[in-house]
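What follows is a single structure, written as structure tokens, with notes after it.
Just so we're on the same page: letters track the sequence lines, and every chain starts at 1.
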There are 2 protein chains.
Amino acid sequence: MDNIPIVFNQIYDISHAAKKALSAISSIKNYEKNELIQPIGSRCKTVYVIKKGAARIFYLKEGNDITEHFAFDNEVIVRAESLFTGNPTLKGIQAIEVTSLIAIDAPSLFTLYDEYHDIERLFRLIFEKEYVHTVKRIESLQFQSATERYADLLETTNLVDKIPLKYIASYLGITQVSLSRIRANFR
Amino acid sequence: MDNIPIVFNQIYDISHAAKKALSAISSIKNYEKNELIQPIGSRCKTVYVIKKGAARIFYLKEGNDITEHFAFDNEVIVRAESLFTGNPTLKGIQAIEVTSLIAIDAPSLFTLYDEYHDIERLFRLIFEKEYVHTVKRIESLQFQSATERYADLLETTNLVDKIPLKYIASYLGITQVSLSRIRANFR
DNA sequence: AAATTCTTTTTACAAATGTTAAAAAAGGAT
DNA sequence: ATCCTTTTTTAACATTTGTAAAAAGAATTT
């Protein structure tokens, strides 16, 4: 049962039986730096939790690689627009560095919801949190300047140290050149 | 039990007992055009479903009124960042036109989750949908031009007919002046 | 260590959007 | 219908961001 994310305990405590059932549909996977975890165009059938490392959700817009989301140690990563609709998505998931993660099979998970009320609750709470994160991100994209967004990123994360700037630029909704300019003003 | 949103039936069917319990914590409220439904700075303790009308979530950024979200007939409207954290929020809710809505008391609702598994599931599914909407909105804000965002809005909604442009502009992340210019190019 | 590749910065110019103010248009009130 | 208020458009100019290309810097491979 070492394939149950430790962070889950802090969110909602589930029964021993539930843990066993959850463990049975979870597995630990390891990825190299830059390795693709889920390809563009696939359906999201896995809930990932990062044990150690970093990953991003990305897609292509007119040939440009755009990073929509970053996830780090102990964070959940899913392509919600596919997981919760069953539709394929044009987004992929990629490891940014050497990454070890727990992969939970989503169809099995949804089946467990019927048998284990506490599992459903745990994941309800998990995704409510994710939902709140996306709402906050809208706020920042909607009416902050690129400079403000970059400053916030500096304050709230240590992203800049470990992640290529090209990924960060598109995450902020700007080009690499623009981010480079903003960084120059910070010195 | 006419205070249970009809749309709920299409999402997940709950038991008669659950409906009764849900009905007991729900009430119908009516608002005038421009009337404030929830003030800025409050905690979100209500899940609203619009029966008829339109409402928006808004906040102030450096004195400017910014619309973050619109909701219309049969749509849910909540300030997620407060509802799911318990924290107060700097966002408010306002009726854009004469609006009738169903107000579900959130603390009571969360209590019902324990007794009625099907109510928890219904609302899990409801908020998963909302979550997916916010993810799609990030996509549009992150790397579409203002013109693209406006074009999409025209295609997918009839917002422009009934809602002041000043609200739409900030929703798109641009100024009124800029939106007016974009509209001029569309003719 | 040199060569190669990838990433980041810089430059110059173009396009998009913001700001301020005024004019025009639309909507409500009397 | 006229007046008053609010909303939308237009104009002129400033600022920000994008684009393309080159240069500089890091990282990786040989």
Between V177(A) and S145(B), whichever has its closest DNA chain C nucleotide further toward 5' is V177(A)
Between K33(B) and S178(B), which has a closest nucleotide on DNA chain C that is more 5'? S178(B)
Rounded to the nearest angstrom, tell me the gap between atom [atom1] in [X] and atom [atom2] in [N].
X	N	atom1	atom2	value
N34(A)	dT5(C)	CG	P	17 Å
N64(B)	dG18(C)	CG	P	11 Å
I163(B)	dA26(C)	CD1	P	20 Å
L165(A)	dA26(D)	CG	C1'	12 Å
E148(B)	dG18(D)	CD	P	13 Å
F143(B)	dT19(D)	CZ	C1'	13 Å
K61(B)	dG18(C)	NZ	P	12 Å
Q176(B)	dA22(C)	CD	P	17 Å

If the threshold is 4.0 Å, N to carboxylate O, is there a salt bridge linking [X] and [Y]?
X	Y	result
K136(B)	E81(A)	no
D118(B)	K19(B)	no
E128(B)	R124(B)	yes

Between L60(B) and L36(B), is there a shared hydrophobic cluster once you connect ILVMFWY residues whose side-chain heavy atoms come closer than 4.5 Å?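 Same hydrophobic cluster.
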Indicate, with a heavy-atom threshold strictly under 4.0 Å, whether S180(B) touches base, sugar-phosphate, or nothing. base
I want to verify a distance call: between [options], whose nearest atom is closest to the [X] side chain?
X	options	answer
K166(A)	dT20(C), dT17(C), dT8(C)	dT8(C)
P164(A)	dT8(C), dT19(D), dT10(D)	dT8(C)
R181(B)	dG18(D), dG18(C), dT8(C)	dG18(C)

dT8(C), OP1 or OP2 - any side-chain N/O from R183(A) closer than 4.0 Å?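 Answer is no, no contact under 4.0 Å.
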Between T175(A) and dT17(D), does any side-chain N or O lie under 4.0 Å from OP1 or OP2? no
Answer with yes or no after comparing the ring centroid distance for F8(B) and F123(B) against a 6.0 Å cut-off, counting only values under it. yes
